[in-house]
Structure formats: structure tokens, C-alpha cells
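A note on names: the letters A, B, ... follow the listed sequences, proteins ahead of strands, and every chain is numbered from 1. Quantities reported herein were computed from a predicted structural model and do not represent experimental measurements.
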Number of protein chains: 2
Amino acid sequence: MARPPANVAPGQIREQIIVAALHLFTQRGYFNTSVPDMARTAQVSVGSIYHHFKDKEDVARALYLSLMEGMQSELAHIAANHATAAGRCRAVIAMLFELTESSREAMDFMLYAKHREFLPGERPVCSSQPFETMRDFVQQGMDRGEIRRMDVMVASASLFGGALRLITARLDGVLAEPLPDQLELVWECAWRSIAA
Amino acid sequence: MARPPANVAPGQIREQIIVAALHLFTQRGYFNTSVPDMARTAQVSVGSIYHHFKDKEDVARALYLSLMEGMQSELAHIAANHATAAGRCRAVIAMLFELTESSREAMDFMLYAKHREFLPGERPVCSSQPFETMRDFVQQGMDRGEIRRMDVMVASASLFGGALRLITARLDGVLAEPLPDQLELVWECAWRSIAA
DNA sequence: ATATTATGAACGAACGATCATTCGAAACTA
DNA sequence: TAGTTTCGAATGATCGTTCGTTCATAATAT
């Protein structure tokens with residue numbers, strides 16, 4: 001068994017390909033991106049992409065799962081550091097706002113891409129693990145009496161809907177100022193809508 | 001001058017093609033739909049599609065503009081029948097909820113499709129005319145003292161974000177009950193978030 | 001009224017371009 | 001040397017689009 005070359009870190013080529021894919025997928029979309037495009041941007045050969053991934057779809061899936069995993073670990077970190085639903089949900093919105101500014105493409109691909117069209121079999125975003133965790137936060141807030149009793153889906157949509165909508169506006173270039181500047185205002189509105 | 005055959009209404013073929021396109025685009029997506037697919041579903045020939053439309057993109061654009069026009073006229077109707085911002089915005093959410101149930105595919109294509117990927121040159125949804133009209137309703141509500149003074153974009157996102165998020169949940173099949181059943185609850189949350 | 005011509009809607013096989021994928025050879029590592 | 005990684009030209013399939021043709025009807029001529 002030969003090891004990967006020593007002058008490149010293991011997994012580095014995979015990472016280059018995934019980063020290039022993220023860039024192209026968010027810029028032009030999955031279907032407007034050819035595999036040779038990905039090879040050129042990642043500065044590797046077409047054959048190398050097929051050595052590391054089963055096919056084009058497999059690249060998109062690896063990218064998607066990796067981003068979802070990162071998001072889920074952020075949520076776990078928030079759950080560990082905040083006890084109340086208010087604290088947790090506010091931290092979630094703050095995290096989403098900061099991620100939108102610091103990793104614009106990642107947020108675009110996670111929240112805005114139509115995965116069903118190129119990743120058949122994956123569940124829709126709003127029934128993915130991160131979104132379920134966010135609903136858990138809301139449910140626990142209702143159990144603790146912080147949040148008015150109501151349908152959990154409606155409560156979650158009300159609490160996070162405004163922030164998520166602002167994020168898509170920002171990604172579309174309709175919003176000029178950085179999102180974190182609006183955090184206080186957005187959170188006040190969001191919490192008012194469902195607070196007990 | 002030859003007229004179209006009398007046994008088919010004028011513009012009926014165009015309509016068949018657009019309806020088929022809406023069905024296929026929402027079901028499989030624009031790029032997973034071939035022109036022969038559209039011809040088969042619309043029960044016309046490929047050549048006929050190219051007789052009525054410049055190209056595949058032109059079909060999508062005609063569909064998009066037609067749906068946007070319908071939405072805009074709904075908003076005009078609401079503006080004419082309601083004086084207050086609260087009345088208007090509540091009517092908007094009610095209308096969106098009803099449209100989601102009665103014209104699921106139309107709502108899916110209008111709100112959920114990534115038009116930028118196949119309709120270059122069209123403005124993003126959230127800066128389209130209907131969305132601007134909705135922001136106007138909010139702005140006027142602030143001028144009238146119904147809504148707290150704040151950034152209009154944030155206020156609009158807070159007011160409509162929850163409803164729009166619930167609509168995508170419904171379109172993704174995550175929500176079981178018809179949306180209009182939740183109207184009262186959703187509106188109460190939405191209005192609380194920004195009411196003066 | 002009847003025959004003839006003109007018009008453009010509808011058709012679908014065929015074309016050229018592009019795409020995802022393969023594969024045999026070269027390059028490199030251990 | 002043996003095993004792995006990289007390469008990119010070649011392949012086969014698919015897609016959007018074109019275009020020569022057919023045909024029903026309207027307009028015109030007889």
C-alpha cells in the first residue's frame with residue numbers, strides 16, 4: 001500500500017476539489033458547472049476528480065454533508081454553552097449572521113441551493129438535522145415556559161423566519177450592511193413574536 | 001392571411017406549453033427537463049414549442065413573468081380593499097397561504113426556484129415588484145404609526161419571514177395541515193414582532 | 001359557388017455541440 | 001519494483017436547436 005505523496009497533505013486534493021465545487025456551484029449553479037470546469041478551478045485533472053469521487057453528484061454530496069456537519073457541530077456548541085431557549089436561539093441567529101459574512105458561499109449552498117434537483121435521496125433542508133435541532137430548542141423553550149404554547153413548526157418558522165429571510169436578501173445583494181449589525185433589532189422582533 | 005384553426009382557442013398551445021413547463025420544472029427542475037419532455041407533456045411537437053417561443057429559456061421566462069404578474073395584481077387588489085398596513089399584510093399572508101394550497105406548483109416555481117441559474121438578467125425574487133410592494137405596505141404602516149420605526153428590510157423580513165418559511169415547509173411536505181388553518185396563529189406571531 | 005393560391009402553425013428527424021465518464025499510460029512514492 | 005495517484009484524450013450519450021416538409025385554413029381569382 002503506497003501512501004499519498006508526502007509533499008501534499010493527505011486529503012488536500014479532495015479539499016481543493018470540494019472548495020472549487022463550492023465556488024462554482026454557488027456562482028453558476030450545479031448544472032451550469034462542468035466537471036472540466038471543476039478540474040480547472042481546483043487545478044487538478046478530470047481523472048483525479050474521478051479517482052477521489054464516484055461522480056459529479058458525489059462531489060456535491062460530500063460538500064453538502066460536510067457543511068451540514070459543520071453546522072450541526074456549531075449547534076451542539078451553542079446547546080452546551082446556553083441553558084435557556086432565548087439564549088440558544090439568539091446565539092443561533094448570531095452564528096448564522098456571522099457565517100453569512102465570513103463564509104458567504106457555504107451559506108448560499110446550504111440554505112439556498114435546490115439540493116433535490118441534483119442530490120436525489122437527500123432530505124429537504126428544512127427537515128435536515130440542523131433544522132430539527134433548532135426546532136428542539138424551540139420545543140424545550142415551550143416546555144420551560146419561555147415560549148407561548150403553540151404548534152412547534154409555526155413557532156420555529158416565526159422565530160427564525162425573519163433572520164433567514166434577511167440572510168437570503170443579503171446573499172442576493174439586496175442588503176448593504178453586514179448582518180451582525182442588525183442582530184439586536186432582528187432578535188427583538190423574533191423573540192417578541194413567540195415569547196410567553 | 002391564415003388564422004389559427006378554429007377548433008383551438010388562440011393562445012391555447014402557448015398555454016399548454018407553459019402549464020407543462022411549470023409541472024416539469026417544479027417536479028424535476030429546469031435542467032432535468034428536456035425540450036422533448038416538455039413537448040410530450042404538453043402534447044405538442046418540439047417544433048411547435050420553437051414556433052411559439054424563442055428557446056427553452058424563453059418558456060421559463062414567460063412562465064415566470066406571467067406568475068409575477070398574477071401576484072402583482074393580487075397585491076393591487078389587496079391594496080385597494082384594505083386601508084391599514086395590518087389589514088393589507090394579513091391579507092397578503094392569507095393570499096399566499098391559499099395560493100400555496102390551490103396552486104402549489106406556481107408557488108413552488110415563484111418562491112423556491114433558483115431563477116438566476118436559468119434566467120440570467122432577471123432580478124432576484126426578493127427584489128421583484130411583488131416583494132417591493134410588500135415592503136411598501138410595511139413602510140406605509142410605519143409612517144402611519146402602526147408599526148415600530150425600524151429598518152424597513154428588517155421589518156418586512158420579520159413580518160413575512162415566518163409565513164414564507166412555513167410555505168416552504170409545506171411545499172417540502174414537512175407540514176401536514178393546510179396552511180390556511182394556521183393563519184390566525186401565524187398572523188398573531190408576525191404582527192407581534194413589529195407592531196407599535 | 002368553386003377552384004386556386006398564400007400563409008403560417010405544426011411536425012419530428014437530423015445536426016452539432018457539450019457533457020459526464022472511462023481508461024491506458026505516465027509519474028510518483030515507498 | 002509494486003502500488004497508487006495523476007493525467008487528458010477518447011467515448012458514447014444526451015441535449016438544445018434547426019429546417020425541410022405537411023397541412024388546414026383564409027384570401028383571391030374565376
Less than 4.0 Å between a side-chain N and a carboxylate O, is that true for Asp37(A) and Arg28(A)? yes
Take atom [atom1] of [X] and atom [atom2] of [N], then tell me their distance rounded to the nearest Å.
X	N	atom1	atom2	result
Gln43(B)	dG12(C)	CD	P	12 Å
Ile49(A)	dT5(D)	CD1	P	16 Å
Met38(B)	dG12(C)	CE	C1'	16 Å
Arg40(B)	dC15(D)	CZ	P	10 Å
Ile13(A)	dC28(C)	CD1	P	13 Å

Looking only at side-chain N and O atoms, does Ser45(A) come under 4.0 Å of OP1 or OP2 in dT6(D)? no
Looking at dA10(C), I'd like to know if its phosphate oxygens (OP1 or OP2) sit under 4.0 Å from a side-chain N or O belonging to His52(B). yes
Assign a letter to each nucleotide of nucleotides 13-27 of chain C from its 5' end: B, base within under 4.0 Å of a protein heavy atom; S, sugar-phosphate only; -, no contact. ------SSBB-----
[X]: partners by side-chain hydrogen bond (donor to acceptor under 3.5 Å, both in side chains), with sequence neighbours left out:
X	result
Arg170(A)	Glu101(A)
Glu57(A)	Arg61(A)
Gln182(A)	Glu177(A)
Arg14(B)	none

Taken in chain and number order and not counting sequence neighbours, the residues that satisfy salt bridge (Lys or Arg N to Asp or Glu O under 4.0 Å) with Arg90(B) are Glu184(B)
